Visitor: 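After the structure tokens below, expect a handful of questions from me.
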Amino acid sequence: MILIIRYIKNNRYEIVSSLFIAMLVFLPFLGQKLFSDIVTFSNANDAFLLGYPSFLKLVSFLQQGNLYGIDTDTFNGSSEFFMRSNITTSYLFNYLFALLATHIHPKIVYILFFLCHVFIATFYYQLIARKFFKLSNPVALLYAVCSIVIVIYESWATGFFLVTVLLAPLLYYMLLILQRQTVSISDIICYSFPSVLMLTAGYLPMSVMAILVCLIFAFAYGKYYMNLSTKLCLSWLLLPIIVAVLVCATYYWQVTMYTLKYVQNGHISLNTAVSLSLNIENVINIFDTAFNVSQPRALEQFRLISFGIVWSFIMYAIIRYDVYKYLSAGNRKLLYISGLIVSFFLVDSFGIDFPIAAWFYSVCPIIGAMHLPIRFLMISLPLLYLMLCCCLNHVDPKMIHNDLINLLKLLIVAFFVILVIPAKDSLYILDKGAMEKALLLSILVIISFIKLGFLHKLSIYMFIIAIFVPGLMYFYDSNEIYRPIGDFVSRSIVFNKPVIFSLDQSILANLGNKDKIRFVNYDDTTVARTYVPDNFAWYRLSKLNLVGYSGYEPHLSRPRVYENLSPYIVPEIKIDENSIGYLLDTRADILVVENGVYNRTDILRTYIDNTRPTIALNSTHTVYFLKKYVPEFIAKGKNVIDQTGSFDNGVFYAYGLGKENIEQFYSNDANNFLLKTKANKSSIVEFLYFRNPNLKFYIDGIAIEPQIYKGQAYLNIDSGEHVIEVIYDNKLCKISIGIFAAYYIIFIVVCFYKQKSWLFMKH
């Protein structure tokens with residue numbers, strides 16, 4: 001406790017400022033949670049379809065006491081839990097916050113998850129600047145804010161967000177290894193922790209590249225700044241990374257084997273790798289996005305390549321007066337190296353306009369094939385920002401005073417010229433509104449530099465505001481914090497609690513309280529449905545236990561066999577009797593369909609149960625109850641109406657047996673399913689989920705091989721009492737969980753017994 005208090009006291013500026021920055025970023029969302037029904041954080045795009053609902057999926061998994069199994073909510077149970085996109089099922093803090101969410105409202109915990117990570121990044125970036133480069137507190141905060149703006153841009157995708165956050169502690173502890181010059185076993189275990197977190201962050205190509213970039217930068221720091229030998233630098237830096245790779249190896253082995261064998265999502269071609277890139281005309285936009293030359297081919301993360309008007313001004317001063325010549329020899333080489341890394345990724349981001357993208361794709365098949373290489377700037381720009389901040393210490397305000405005055409005059413003239421031009425189109429390359437704001441901001445900043453001096457504390461804090469506020473506004477705009485609640489209610493069912501309640505009541509009245517309600521949704525959206533999201537069941541908003549036939553993102557987790565059986569996941573495929581057959585065989589309950597699709601698809605009307613009422617979700621989507629058919633395998637033919645009243649609880653279908661023949665049913669919705677029957681006749685029992693390759697089937701405790709027809713498992717049982725069990729058995733998954741658990745326990749024990757040199761304590 002004394003060490004903790006001392007640590008807080010020694011780093012109080014970094015702790016207080018980091019907490020202040022993190023709270024500023026997320027305060028509107030916390031306020032919305034307190035005073036509104038709608039929290040706009042993560043309400044759009046991948047964050048809405050994957051980020052938050054996948055967090056809820058993890059929470060529900062833990063509530064059931066599960067750590068592994070199939071995802072019974074989407075793709076008809078065909079996908080593995082460890083393969084679900086954006087859940088990052090091996091990331092330690094995801095589990096810790098999910099456990100917390102079992103006791104506190106998940107939305108609050110989810111916001112706190114991001115808030116804490118922003119705090120961590122801001123804190124460690126400041127420590128890096130202050131401890132290893134001797135920058136003042138204001139300049140260190142400036143560096144941290146510049147890097148944090150990149151981080152908050154990426155909150156829409158958990159994997160990208162975590163990688164950009166974890167870059168800070170990863171780089172910090174790499175540099176700390178070199179400074180402490182220690183390689184004991186306990187130290188290696190401790191220092192491998194940031195690398196383990198990075199490798200389990202959920203987006204492996206970026207994670208690997210982040211480790212590589214930090215390794216290059218840290219090696220250069222040890223070699224040129226601390227004058228250490230190459231052998232010592234590499235050994236101290238590589239040993240913790242090797243330990244981290246060994247810890248994560250089994251997990252990625254199972255992911256790789258499952259992907260290659262079952263998912264078979266194909267290979268990324270060079271054409272795909274360069275398809276989303278920048279235009280060469282976007283070069284001017286690098287200095288500020290207000291200079292809107294042309295629309296980039298890659299809209300995503302485009303603002304990341306813009307240094308902004310303030311940084312552009314500083315870079316001008318650094319280059320104009322050869323400030324980098326005043327750096328130490330070590331810092332000068334670090335500046336060159338960081339600049340080369342950023343330049344490489346920037347040129348690579350232009351795709352077909354340069355051959356570098358093709359070379360990178362060939363040399364690094366997986367990393368170089370990422371279809372948006374601009375994402376690599378998220379992990380390389382913080383290195384360049386760090387060295388540019390080092391240059392600030394050598395800028396002499398006196399020698400740039402006249403230039404500042406001349407630049408100020410030029411900007412004032414430009415500002416008033418833009419104001420009097422009536423039409424935006426007449427500006428040709430300029431975004432008028434953005435230019436007005438950028439020029440006005442630069443005028444205010446330059447005035448402060450002239451009046452106060454370039455390195456005056458107040459000037460630096462104005463510099464921080466000039467960078468932080470535009471980034472924050474972009475972050476708030478992308479999360480639509482100013483939109484009224486009605487906009488969200490009309491956009492998606494997940495925001496409309498009365499509709500969900502009404503839907504639940506209608507389903508219960510018509511189908512009863514089944515253990516699983518199976519739904520399929522059709523609409524015109526071919527990529528990601530939003531009104532009824534493909535991952536709707538993950539939200540746990542319905543009181544019913546739902547299972548969907550589709551999911552998002554499908555190409556990362558669904559088996560290829562399931563895709564071939566289930567064309568409704570790929571809306572481009574025509575809906576006909578053959579394509580809808582899988583729905584009938586697995587006894588889907590309800591159809592949620594956009595009215596336009598229903599009106600032009602006659603075949604759907606054939607399978608609607610007209611004896612049951614329809615439910616209008618809104619003006620565009622309607623719910624229909626489906627007729628029940630005997631599975632083709634059992635009926636030996638198609639489209640045979642089921643008039644037997646056979647038992648069907650959404651998990652098992654027992655042909656010819658009624659509810660009176662079912663003595664027990666158990667399911668934990670992940671890895672254990674049990675059905676106990678008692679009847680005076682034989683039957684065929686269908687397991688209604690897709691036949692996952694890791695599922696084992698038992699009858700009366702004896703392992704059997706079921707009959708497989710179109711991806712479904714069928715079991716023959718004789719008359720009498722029988723217990724059917726379906727158990728998930730994935731040895732690699734269990735081994736990887738065991739390895740992670742053992743590592744985290746060893747890590748905690750080592751840190752506890754090394755308190756005086758603990759990573760978080762004595763620096």
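A quick note: this is a predicted structure, and the numbers were derived from the prediction, not measured. We use all heavy atoms of the structure for the numbers below, so side chains are in, but hydrogens, waters and symmetry mates are not.
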Visitor: Side chains of Phe652 and Val726: closer than 4.5 Å at any heavy-atom pair?
Guide: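 Heavy-atom side-chain distance check passes, below 4.5 Å.
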Visitor: After noting the C-alpha distance and the side-chain angles of Lys516 and Asp648, does the key distance pass the salt bridge (Lys or Arg N to Asp or Glu O under 4.0 Å) rule?
Guide: CA-CA 9 Å; Lys516 276 287 187 178; Asp648 173 8; over 6 Å; no
Visitor: Would you say Lys627 has more than 12 foreign heavy atoms packed within less than 6.0 Å of its NZ?
Guide: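 More than 12 heavy atoms, drawn from other residues, nucleotides or ligands, come within 6.0 Å of this atom.
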Visitor: Is a donor on one side and an acceptor on the other found under 3.5 Å between the side chain of Asn521 and the backbone of Val532?
Guide: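 Yes, the answer is positive, given that a donor and an acceptor are paired below the 3.5 Å cut-off.
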Visitor: Strictly distance-based, threshold 3.5 Å: is any side-chain N or O of Asn66 a donor or acceptor partner for the main-chain N or O of Asn668?
Guide: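 Here the side-chain-to-backbone pair exists.
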Visitor: Tell me whether Gln643 at atom CD has more than 12 heavy atoms from other residues, nucleotides or ligands lying less than 6.0 Å away.
Guide: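 No, the 6.0 Å shell around CD holds no more than 12 heavy atoms from other groups.
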Visitor: May I ask you to decide if Ser550's main-chain N or O and Asp534's side chain share a donor-acceptor pair within less than 3.5 Å?
Guide: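 No: the side chain of Asp534 does not pair with the backbone of Ser550.
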Visitor: Any side-chain heavy atom of Val109 within less than 4.5 Å of one from Phe113?
Guide: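 Heavy-atom side-chain distance check fails, nothing below 4.5 Å.
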Visitor: Anything under 30° is parallel, anything over 60° is perpendicular, the rest tilted; go ahead and classify Phe160 against Tyr203.
Guide: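 Ring orientation, 0 to 90° scale: perpendicular.
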Visitor: Report yes if the side chains of Leu503 and Phe519 come closer than 4.5 Å at any heavy-atom pair, otherwise no.
Guide: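 No; the side chains remain at least 4.5 Å from each other.
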Visitor: Kindly assign one of parallel, tilted or perpendicular to the pair Tyr539 and Tyr52, based on the angle between their ring planes and the thresholds 30° and 60°.
Guide: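 Rings of Tyr539 and Tyr52: perpendicular, as their planes differ by over 60°.
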Visitor: Would you kindly say whether Asp504 and Ser542 are connected by a side-chain donor-acceptor distance under 3.5 Å?
Guide: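 Short answer, yes.
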Visitor: Sequence neighbours excluded, which residues qualify as side-chain hydrogen bond (donor to acceptor under 3.5 Å, both in side chains) partners of Ser619?
Guide: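 Per chain and number, Ser619 pairs via side-chain hydrogen bond (donor to acceptor under 3.5 Å, both in side chains) with no residue.
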Visitor: Output the distance between atom CZ (Phe740) and atom OG1 (Thr200), rounded to the nearest 0.5 Å.
Guide: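 Taking CZ in Phe740 and OG1 in Thr200, the distance rounds to 6.0 Å.
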Visitor: Between Tyr549, Tyr582, Tyr562, which is the residue that forms a side-chain hydrogen bond (donor to acceptor under 3.5 Å, both in side chains) with Asn76?
Guide: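 Answer to the side-chain hydrogen bond (donor to acceptor under 3.5 Å, both in side chains) test with Asn76 among Tyr549, Tyr582, Tyr562: Tyr582.
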Visitor: Does one side chain, of Asp642 or Tyr653, offer a donor that lies under 3.5 Å from an acceptor on the other?
Guide: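 Tyr653 and Asp642 do have a side-chain donor-acceptor pair below 3.5 Å.
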Visitor: Decide whether a cation-pi geometry holds between Lys636 and Phe633; the criteria are a distance under 6.0 Å from NZ or CZ to the six-membered ring centre and an angle within 45° of the ring axis.
Guide: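 Judged by the rule, Lys636 and Phe633 form a cation-pi pair.
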Visitor: Applying side chain to side chain contact (heavy atoms under 4.5 Å, CB included) to Arg491 and Glu480, what does each step give before you reach the verdict?
Guide: CA-CA 13 Å; Arg491 178 188 301 173; Glu480 302 175 314; 2.9 Å; yes
Visitor: Is a donor on one side and an acceptor on the other found under 3.5 Å between the side chain of Lys628 and the backbone of Arg587?
Guide: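 Yes; judged by distance alone, with no hydrogens or angles, the pair exists.
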Visitor: Which pairs, with at least one residue in residues 680-691 and sequence neighbours excluded, count as a salt bridge (charged side-chain N to carboxylate O under 4.0 Å, His left out)?
Guide: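 Sorted result for residues 680-691: Arg691-Glu705.
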Visitor: Side chains of Ser682 and Asn716: do they bring a donor and an acceptor to under 3.5 Å?
Guide: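 No, Asn716 and Ser682 have no side-chain donor paired with an acceptor closer than 3.5 Å.
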Visitor: Report yes if the side chains of Phe48 and Val494 come closer than 4.5 Å at any heavy-atom pair, otherwise no.
Guide: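 Yes. Closest side-chain heavy atoms under 4.5 Å.
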Visitor: Aromatic rings Phe41 and Tyr110: how do their planes relate, parallel, tilted or perpendicular, breaks at 30° and 60°?
Guide: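 Ring orientation, 0 to 90° scale: tilted.
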Visitor: Using the ring of Tyr689 (Phe, Tyr or Trp, six-membered ring only), decide whether Arg518 places NZ or CZ under 6.0 Å from its centre and within 45 degrees of its axis.
Guide: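 Yes, Arg518 and Tyr689 form such a contact.
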Visitor: Between Tyr607 and Tyr629, how do the two ring planes meet: parallel, tilted or perpendicular, split at 30° and 60°?
Guide: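 Plane angle over 60°, so perpendicular.
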Visitor: Does anything in residues 506-515 form a side-chain hydrogen bond (donor to acceptor under 3.5 Å, both in side chains)? List the pairs, not counting sequence neighbours.
Guide: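 Sorted result for residues 506-515: Lys514-Asp589, Asp515-Asn649.
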Visitor: Would you kindly say whether Asp585 and Tyr709 are connected by a side-chain donor-acceptor distance under 3.5 Å?
Guide: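 Result is no, nothing qualifies.
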